[in-house]
S.K.: 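What follows is a single structure, and I will ask about it in a moment.
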Amino acid sequence: MMDYKIIVLDLDGTLLNDEKIISKKDEIILKKLYSKGIQIVIATGRNYYMAKKLTERIKETKPIILANNGAISRLSYNDELIEHSYLDSTIFSSIYEEGLKYNLNPVIHVDEYDNGFDMIFENEDYEEAYLGYVKKEDRRVKYVKFKPKDIMNILSVCYLAEFEVLDTFSNKVRKTINGEYNVICNRNISNRALLEFLHVNGCKWRALKKYLDRINVKPSEIIAFGDDNNDIELLFNSGLGIAMKNGTESCIKSSNMISKYDNNNSAVSFELSKIFNIN
């Protein structure tokens, strides 16, 4: 068996079931592996605050959290900042102006964790405008009238709409707006597609690779699990990339193997138990 040192896990559609809970089986296997010296890394499109909250059941494993698709990394047990990659405000300004032409208005993830908020928005009819992405009960979102070039610490610019609309918009942006930035379109979500613009290093794999270089671990020593298009590079470049049974077609094509079960049936536990020969 390969001497794997790190397990990297996406959250939604992977480690979390559809109720957004980590199963008891998955919790137990991750704690067992951590006790054997295996490091746990969470790589998610979610912001750090939500990722930490959703992984409370495995907090004893002290996971490293690569949040906002790797735009920011923190140690979960003490919130220490490892690294961040902010999108240039000038690039954001150009994307924002182009989006208005398509009647698209973004939600922006910002690095304001210590100031008590993580997202900003400017459409007052937010529940309808953002298709439920911003909810009334959210306490860490802030209404702000955007002045694009004044917005700082941008981690991710999110647009929610039908895939075809977002695909047309993103293609236009790529052709007309200069500068370095990363574009991700996730489809393995409930009733919408989610288009994100991030710093060029806002990528799960790039963030992980920086961390691996820092601790002198090879990509071949990594097992990664994922289900959506923001996991493609991560699965392709890891020593063992496992796509979830419920994963997108592109995600599955980029992996080494497909899980036997889906996220609602403790697929992570099943596969890791086999790999590490744990009953």
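What you see below is based on every heavy atom in this structure, not just the backbone, and it leaves out hydrogens, waters and symmetry mates.
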S.K.: Check Arg140 with Glu112, please: is the shortest side-chain N to carboxylate O separation under 4.0 Å?
M.R.: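 Salt bridge between Glu112 and Arg140, a charged N being under 4.0 Å from a carboxylate O: no.
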
S.K.: Under a 3.5 Å threshold, yes or no: a donor from one side chain and an acceptor from the other, between Asp79 and Tyr48?
M.R.: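 There is such a pair between these side chains.
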
S.K.: Testing the 3.5 Å rule here: is there a donor-acceptor pair between the side chains of Thr14 and Asn263?
M.R.: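 There is no such pair (donor and acceptor under 3.5 Å, judged by atom type) between the side chains of Thr14 and Asn263.
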
S.K.: Is a donor from one side chain sitting under 3.5 angstrom from an acceptor on the other, for Gln39 and Tyr211?
M.R.: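 There is such a pair (donor and acceptor under 3.5 Å, judged by atom type) between the side chains of Gln39 and Tyr211.
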
S.K.: Can you tell me how far CG of Asn153 sits from OH of Tyr113, rounded to the nearest 0.5 angstrom?
M.R.: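 It is 15.5 Å, given to the nearest 0.5 Å.
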
S.K.: Taking the six-membered ring where the residue is Trp, are the ring centres of Tyr159 and Phe169 under 6.0 Å apart?
M.R.: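 Aromatic pair counts; centres sit under 6.0 Å.
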
S.K.: Please lay out, stage by stage, how Glu233 and Lys204 fare under the test salt bridge (charged side-chain N to carboxylate O under 4.0 Å, His left out).
M.R.: CA-CA 8 Å; Glu233 285 187 66; Lys204 291 182 181 183; over 6 Å; no

S.K.: For Glu196 and Tyr181, does a side-chain donor sit closer than 3.5 Å to a side-chain acceptor?
M.R.: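 Their side chains do not contain a donor-acceptor pair, so the 3.5 Å distance test is not met.
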
S.K.: So Thr61 and Lys31, side-chain contact (heavy atoms from CB on, under 4.5 Å) or not? Walk me through it.
M.R.: CA-CA 6 Å; Thr61 69; Lys31 288 178 178 178; 4.0 Å; yes

S.K.: Should the pair Lys142-Asp118 be classified as a salt bridge under the 4.0 Å nitrogen-to-oxygen rule?
M.R.: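 No, this pair does not count.
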
S.K.: Can you see which heavy atom on Ser73 is nearest to which on Leu66, and at what distance?
M.R.: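 The pair with the smallest heavy-atom distance is OG-CD2, 3.2 Å.
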
S.K.: Taking the basic N atoms (NZ, or NE/NH1/NH2) and the acidic carboxylate oxygens, is any pair closer than 4.0 Å for Glu271 and Lys260?
M.R.: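 Judged by the 4.0 Å cut-off on N to carboxylate O distance, Glu271 and Lys260 do not form a salt bridge.
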
S.K.: Is the backbone N or O of Lys218 less than 3.5 Å from a side-chain atom of Glu221, with the two atoms forming a donor-acceptor pair by type?
M.R.: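 A pair under 3.5 Å: yes.
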
S.K.: Side-chain contact test, heavy atoms from C-beta onward, threshold under 4.5 Å: evaluate it for Pro106 versus Tyr96 and give yes or no.
M.R.: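 Of all side-chain heavy-atom pairs linking Tyr96 with Pro106, at least one is under 4.5 Å.
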
S.K.: Tell me whether Asp111 is salt-bridged to Arg74, with the criterion being a basic N under 4.0 Å from an acidic carboxylate O.
M.R.: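 Answer for the salt bridge query: yes.
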
S.K.: Measure the spacing between CD1 of Ile108 and CD1 of Ile120 and express it to the nearest 0.5 Å.
M.R.: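 That separation rounds to 4.0 Å.
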
S.K.: Drop me the distance from Leu15's CG to Thr55's OG1, to the nearest 0.5 angstrom.
M.R.: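 Leu15 atom CG to Thr55 atom OG1 measures 8.5 Å (nearest 0.5 Å).
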
S.K.: Will you find, in the side chains of Asn47 and Asn68, an N or O donor that is under 3.5 Å from an N or O acceptor?
M.R.: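 Asn68 and Asn47 do not have a side-chain donor-acceptor pair below 3.5 Å.
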
S.K.: Would Lys245 and Asp227 count as a salt bridge (charged side-chain N to carboxylate O under 4.0 Å, His left out) if you check the C-alpha gap in whole Å, the side-chain angles of each, and the deciding distance to 0.1 Å?
M.R.: CA-CA 8 Å; Lys245 182 180 180 181; Asp227 76 302; over 6 Å; no

S.K.: Under 4.0 Å between a side-chain nitrogen and a carboxylate oxygen: does that hold for Lys52 and Glu56?
M.R.: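 So Lys52 does not pair with Glu56 through a salt bridge.
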
S.K.: So, do Ile21 and Arg57 sit near enough that their side-chain heavy atoms are less than 4.5 Å apart?
M.R.: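 Yes, side chains in contact.
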
S.K.: More than 12 non-hydrogen atoms from neighbouring residues, nucleotides or ligands closer than 6.0 Å to CD on Glu249, yes or no?
M.R.: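 Check fails, neighbour count at 12 or below.
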
S.K.: Less than 4.5 Å apart, side chain to side chain, heavy atoms only: is that true for Cys158 and Leu194?
M.R.: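 When only atoms from C-beta onward are counted, Leu194 and Cys158 do touch, with a gap below 4.5 Å.
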
S.K.: Does one hydrophobic cluster hold both Ile242 and Ile40, with members joined at side-chain heavy-atom distances below 4.5 Å?
M.R.: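 Cluster IDs for Ile242 and Ile40 match.
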
S.K.: Determine whether Ile275 and Ile223 satisfy the following criterion, side-chain contact (heavy atoms from CB on, under 4.5 Å), listing intermediate values before the conclusion.
M.R.: CA-CA 10 Å; Ile275 293 166; Ile223 298 174; 3.9 Å; yes

S.K.: Verify the distance criterion only: is there a donor paired with an acceptor across the side chains of Glu122 and Tyr143 at less than 3.5 Å?
M.R.: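 No, no side-chain donor-acceptor pair sits under 3.5 Å.
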
